Amino acid sequence: MSLLIKNASIVNADKHEKNTQDILCEKGVIVKIAPSIKADNAKTVDAKDMLVMPGLIDMHIHMREPGQEHKETVETGSMSAAKGGFTTVMCMPNTSPVIDNAMIVEGIIKEAKRVGLTNVIPIGAITKGQKDQELVDMMELKEAGCLALSDDGKSVVNSQLMRMALEYAKMADLLLIEHCEDPLLSGDGIMNEGKTSTLLGLKAQPSLSESVIIARDIELIHYLNTKVHIAHVTIKRAVDIIRFAKSQGIQITAEACPHHFTLTDEALNEFDTNAKVNPPLRTPEDVEAIKEGLKDGTLDCIVTDHAPHTREDKELDLDHAAYGMIGLETSVGLTITELVDKKVLTWTQMAERMSHAPARIIGLSQKGSIKEGMDADITIIDPKKEWTITKEDIVSKSKNTPFYGRKLKGRVATTILTGKVVYKET
Ligand code: DOR
Ligand code: ZN
């Protein structure tokens, strides 16, 4: 069955089309873009007054399957992704067991295909069991369907092991994604070290914990002439270092999360455990630097770090509550409200940071733009829609977000995956 999108105001990373177009999708591919297309047997979606972007790609989420299906499953995570406008998500390996062998990768891909709401690409671990001791079999993971590896949740602290991982990953053509945190500097700090942590009397970790590992990785990739992708950047110093490395031609890419460009550590003033996240919320100066980094492209893409946790995991004191917040369903609204509406990003830059750049970084050559011949993954956004984040609205299995009650502008109206409508706002 073909799908015809009428009156589309197309926003690609390189161009916001002045005139509306029709987009015809057949067999999962965009086959024709023209001012007025007739297709008698096609299902029609009217995109009048909407913005039509390439399907959004989130290269950092936690799906929790296998092993923690009480928090999220491939099915509920896919529902949440489709509602949030994401046609591709990459899920981190800190599951139980850890995603460090082909069987688990294949299982997740198979289940995601059965569900059919979003394209799920598992990220394998760098070290077996994420234990920072022994490398995984990279070719096995690559053949099973991984495009990237990460020990997310922690760094590969052993520099010699990281050196070997970078060398093998280069040979296997796999991207390494580093969660940058020196565990000895972080200690048992649960929030950013600074004025707020002192006032609240909470254990804290210094921003240095993040920048030390980023600087080490830059030295490693410079020495080895290879590349790395830095997960969830949160501090000004990191943005400055990455900007400098890029200016030297070093092959570093990086991402940032909506909560890190929206909230500061003062979100913990009321001891709301939903604001406990790792890396932690930082200072107003850091938030400004993240926005600046996203604006000038030092930070290549926006990811959610969607981290579902149950009420039981969160209804504890701050020391014991789990780290992380959900994010798939609030990412578009927060990005439009905090970045596009405030003139930090243009619409084309939003398409770049949320679709085109991740496609480029991961190497998905058929995704990331709306052009004839590309996959028919398309996100239709109502840019003017005002709404408030409520628990009832969330379809993720977990409800842990500090954003309830926040008013947003801009919402996903329709999500199209390989030419099929997988989400439509009612
Ligand atoms: O806040 C976080 N939650 N940070 C991480 O690195 C891991 C994640 C999780 O898995 O819950
Ligand atoms: Zn992480």
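First listed ligand is number 1; within each ligand, the first listed atom is number 1. Note: hydrogens, waters and symmetry copies are ignored here, and every other heavy atom, side chains too, is used. Since the model is a prediction, treat every value here as computed from it, not as a measurement.
With hydrogens and angles disregarded, no donor-acceptor distance shorter than 3.5 Å links the side chain of Asp286 to the backbone of Ala289. Within the 3.5 Å criterion, the main-chain N or O of Val303 finds no donor-acceptor partner in the side chain of Glu255.
Atom-to-atom distance recorded for Ile23:CD1 and Lys371:NZ is 12.0 Å, nearest 0.5 angstrom. Atom CG of Asp137 sits about 8.0 Å away from atom CD of Glu143, to the nearest 0.5 Å. Here the straight-line distance linking atom NE2 of His306 with atom OG of Ser396 works out to 4.0 Å at 0.5 Å rounding.
At a 3.5 angstrom cut-off on N or O pairs, His232 does not count as close to ligand 1. At a 3.5 angstrom cut-off on N or O pairs, Val277 does not count as close to ligand 1.
Remark: ligand 1 atoms within the under-4.0 Å shell around heavy atoms of His179 are 6 (O). If you number the atoms of ligand 1 from 1 as listed, the ones under 4.0 Å from a heavy atom of His309 come out as 11 (O). Those atoms of ligand 1 with a heavy atom of Asn94 less than 4.0 angstrom away are 9 (C), 10 (O). Of all atoms in ligand 1, listed by their number and element, those nearer than 4.0 Å to a heavy atom of Gly153 are 6 (O).
Each of Asn158, Asp132, Asp151 was scored for a side-chain hydrogen bond (donor to acceptor under 3.5 Å, both in side chains) with Thr127, with one residue passing: Asp151.
We find that Arg243 and Asp240 are joined by a salt bridge, their nearest charged nitrogen and carboxylate oxygen being less than 4.0 Å apart. Using a 4.0 Å cut-off between charged side-chain N and carboxylate O, Arg360 and Glu352 make a salt bridge.
Neither the backbone nor the side chain of Met325 has a heavy atom within less than 4.0 Å of ligand 1. At a 4.0 Å heavy-atom cut-off, ligand 1 does not touch Met92 at all.
The protein heavy-atom contact nearest to atom 8 (C) of ligand 1 is His62 NE2, 3.7 Å. Here the protein heavy atom with the shortest distance to atom 3 (N) of ligand 1 is Tyr323 O, 3.2 Å. Looking only at protein heavy atoms, the nearest one to atom 5 (C) of ligand 1 is Asn278 O, 3.5 Å.
Protein N/O/S atoms found under 2.8 Å from the Zn ion (ligand 2), listed by chain and residue number: Asp152 OD1, His179 ND1, His232 NE2.
Under a cutoff of 6.0 Å and an axis angle of 45°, Lys276 and Tyr323 form a cation-pi pair.
Using bins of under 30°, 30° to 60° and over 60° for the plane-to-plane angle, the ring pair His179/His232 lands in the perpendicular bin.
Using a 4.5 Å heavy-atom threshold, the side chains of Leu268 and Leu318 count as touching.
Residue contact annotation: Arg64 has a non-hydrogen atom under 4.0 Å from ligand 1.
Side-chain contact, Ser159 with Arg216: a donor N or O sits under 3.5 Å from an acceptor N or O.
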